[in-house]
Amino acid sequence: MSERISGAEALMRSLEDQGVTTLFGYPGGAIMPTYDALYDHRDKLNHVLVRHEQGAIHAAQGYARVSGRTGVVLVTSGPGAMNTITGLADAMIDSTPLVVICGQVGAAMLGTDAFQEVDVVGVTQPISKWNYQIRRAEDVAWAVARAFYIAGTGRPGPVVLDFTKNAQTTVIDYEPQKVNFIRSYVPEPVCEMSVIQKAAEMINQSVKPFMLVGQGVELAGANQEVLELAEKAQIPFGCTMLGLSAIPSDHPLNKGMLGMHGNLGPNVMTNQCDLLIAVGMRFDDRVTGNLKTYAKQAKVIHFEIDPSEINKNVKVDVAVLGNCKQTLADLIPYVDEAKHGSWIAGFKPYEEKEYDKVIDKALHPTEGPLLMGEVIRKVSEAANNEAILVTDVGQNQLFGCRYFKFTKKRSIVTSGGCGTMGFALPAAIGATFGAPDRTVCMFVGDGGLQMTIQELGTIMEQKAPVKMILLNNNYLGNVRQWQYLFFNKRYSFTPMLNPDYELISKGYGIPCRTVVEREDLDAAIREMLDTEGPFLLQCAVKEEDNVLPMTPPGSNVDEMLLEIL
C-alpha cells in the first residue's frame, strides 16, 4: 500500500532501499528540503559533512574504491554542483561508481537565470555515465533505482541526479522501485564461446606471452581468475597503476608496474612478447608510450567489458567482450598448462639492472636528506604491507605506486586518468568509511595538500583515522622534474613557500610529528601507526629528487631513463 510523503522523503527511502549507509555532502538553499528529510534518517544514513563539495565527491570516490559499493554525494545547486565537476570527470575516466544528487531551482524557474541556477544536466553530460533532472516527485523512486543500476553495473561510472526544489517538496503516493533492466542499456556484453576458444588457442600457441592486469580485474572481482590463468599457463604479468593491488606484489609472476614510471622489465618485455593479453585495462598513453612502436611484434587479446575501448588505442586480434570474471572462467578450461621458463627468466636481467641503478639508491640511501622512496617503503612494511595506499598526484603518487607493497585487493586509491591534485585528503577520508577495519595510509605532497587542506576539518569532526604522510620538498615536484628534463631547468613557479603544517595540524587537534633526520624515521612511523585516530607525519625530503625509471613523453615504451645526468 502506498504512503503519501514528500519527494525529499522519497529520496531518503529510496537511498535506504539501495542499501546506502554513508553519504558525503554539504547543504545549501536548493537542497535544503532534502537535508530536512535527512534529519529524521540519521540513524540509518550516516552523512559526512565535508568542508567543500570537491571534498565530498573525492571522499565518495575513496569510499567506492575500497568498498566496491556506489559512493553517494549530496550537494546544492549552482556552485555546489559545479564544485563536483572535477570529481565527476575523475570518476568517469577511472570507472568509479557514484550517484551525485544536486539540488536545483524549482521547475517553474528553470531557464530564468534564477539564483544559483546552472544547467547541471548540460554541463555534466560528457563526464557522467547518465544524468537526469527530476522535475516531479513521482519520478524520485524510479530515478534513484535507475541511477544506482547504471552506476554500479557494467563498466562503473558516475551518475548525476538534478533534483528540482518543487520535486523535493511535493507530496506524492510513494512506492519503492527496482530497476534491473533497461532496454537500451547492455551492461555486460555476451561473448561467443568461439571467441573464447580462439583466445585460448592463441595462448596455447604462444611462446612468450605477457599479461597486462588493469583495474577492471578489481572491479569485476576477477582476481582469482587472473591468478589461475597466470599460474596454469605460467604467464608473467604487469599491472597498471590502478590495478596494482589486484594480485599480491610478491607473487613470482608479478613483474611490477607498467608505464611511464613503471618497472623496466615489463616495459621492455612488452616489446618482446609474442602475445599481449590485456585484461580490464584501456591502453592509456602513460602505459603505451609511442603507439607507433607499441607491441607491434605481438598478437593482442583484449578482455574488456566496454566495447568502446576495443581498438581505440591499440588494434587487437581478438576482443573478448564481457565481464572478465566470467570470460576468464570460461577460458581457463581451454588453456593448456605450460612452463615458459626461459621467457620468464628473461625478466631477471632487467630487474637486476633496475635494482642496481634505481631501486637500491631510492630505498637504501646512506647519507643526505630523506628520500620519498625510503619513507614510502618503510611505512608499507611497518603496516605489514596490508594497508590501503591513498596518494595524491605528482611525485608522491609515482614513488608511492612504485614502492608501496600490496597483499590485499582493493588497496590502492589514486587519481589515474584525470590526475587530480587535491584528491588524496578527501579520498582517504572516504576510504576510512569504506573500509573501517583497515589502515589507510595517505601520501601527499605540499602542493596537493594545500588544494584541499580544509578537509582537515572533516577529519577533526569525524575523527577519521587517516595516517597522513606529507612528503614535503618545497616544490611542485613532478612539474619541477619535467622542467629539469625538458625545459632547461627553468623552474617557472614550481618552488613553494609552505606554511607551518605542525601549527595547522595542531589547530585541527590532529597529532603531528616532523622528521628531518633519517635516524628518527622508524620511531615516527611507529608512533603514527600506534596513535588512535588521525595523524600527520611530515617528512622533509630531498628537494630535487627525481622519479626513475622514466619513459620520456612520446618515446617508445622500452626506452626508459634509468638515471638523469
Side-chain angles (χ1 to χ4, degrees), residues 238-239 241 244-245 247-252 254-259 261-266 351-392 394-408 411-414 424 428 438-445 466-473 477-478 481 513-530 535-543 545-550 562-563:
C239 299
M241 181 179 285
L244 281 172
S245 66
I247 307 295
S249 303
D250 61 356
H251 192 282
N254 190 342
K255 300 305 175 183
M257 185 169 72
L258 303 163
H261 289 287
N263 294 105
L264 179 63
E351 292 168 353
E352 292 174 344
K353 184 177 182 180
E354 182 181 355
Y355 184 85
D356 291 340
K357 288 187 171 291
V358 178
I359 298 174
D360 188 39
K361 296 175 183 178
L363 298 184
H364 308 114
T366 56
E367 58 183 8
L370 287 170
L371 300 181
M372 292 191 193
E374 68 174 316
V375 173
I376 289 160
R377 178 59 62 85
K378 282 181 176 290
V379 171
S380 179
E381 291 177 344
N384 299 317
N385 297 325
E386 295 179 345
I388 292 171
L389 168 69
V390 182
T391 82
D392 209 75
Q395 289 185 320
N396 65 88
Q397 177 188 47
L398 303 171
F399 277 116
C401 291
R402 281 185 56 81
Y403 295 119
F404 209 80
K405 295 299 177 183
F406 305 97
T407 58
K408 295 183 176 182
S411 292
I412 181 167
V413 180
T414 192
R438 299 188 62 191
T439 300
V440 175
C441 294
M442 181 204 84
F443 292 90
V444 66
V466 181
K467 308 305 180 184
M468 298 169 278
I469 302 95
L470 168 59
L471 301 171
N472 191 344
N473 60 6
N478 205 44
Q481 178 171 334
R513 181 169 174 178
T514 298
V515 175
V516 177
E517 303 298 332
R518 184 163 286 110
E519 55 265 28
D520 299 327
L521 181 59
D522 288 339
I525 291 172
R526 180 44 51 198
E527 179 185 353
M528 174 185 70
L529 294 176
D530 288 345
F535 193 99
L536 176 61
L537 174 61
Q538 178 178 211
C539 296
V541 297
K542 182 179 178 180
E543 288 195 348
D545 198 5
N546 294 310
V547 186
L548 293 168
M550 179 181 185
L562 293 179
E563 45 192 356

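Computed from heavy atoms alone, side chains included, the values below leave out hydrogens, waters and symmetry copies.
- Ring planes of Phe404 and Phe443: perpendicular class, angle over 60° (limits at 30 and 60°).
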Could you walk me through whether Cys401 and Leu244 pass the side-chain contact (heavy atoms from CB on, under 4.5 Å) test, one step at a time?
CA-CA 8 Å; Cys401 291; Leu244 281 172; 3.6 Å; yes
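- To the nearest 0.5 Å, atoms CD (Glu543) and CG (Asn473) are separated by 7.0 Å.
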Could you walk me through whether Ile469 and Leu471 pass the side-chain contact (heavy atoms from CB on, under 4.5 Å) check?
CA-CA 6 Å; Ile469 302 95; Leu471 301 171; 4.0 Å; yes
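- Listed for the Arg438 side chain is a donor-acceptor partner under 3.5 Å among the backbone atoms of Glu386.
- Of the possible donor and acceptor atoms, none in the side chain of Gln395 sits under 3.5 Å from a partner among the backbone N and O of Met372.
- Salt bridge annotation for Lys255-Glu351: present, with a cationic side-chain nitrogen under 4.0 angstrom from a carboxylate oxygen.
- Between the side chain of Arg513 and the main chain of Gln538, no donor-acceptor pair closer than 3.5 Å is present.
- Ser245 places no side-chain N or O within donor-acceptor distance of the main-chain N or O of Phe406, the cut-off being under 3.5 Å.
- Taking CG of Asp392 as the reference point, atom OG1 of Thr414 lies at 7.5 Å (rounded to 0.5 Å).
- Within the 3.5 Å criterion, the main-chain N or O of Ala540 finds no donor-acceptor partner in the side chain of Asn472.
- Note that CE of Met241 is 4.0 Å distant from CD of Gln397, once rounded to the nearest 0.5 Å.
- A side chain to side chain contact (heavy atoms under 4.5 Å, CB included) with Pro369 holds for exactly one of Glu517, Arg518, Lys542; it is Lys542.
- Using modelled atom types, one side-chain atom of Arg402 and one backbone atom of His261 make a donor-acceptor pair closer than 3.5 Å.
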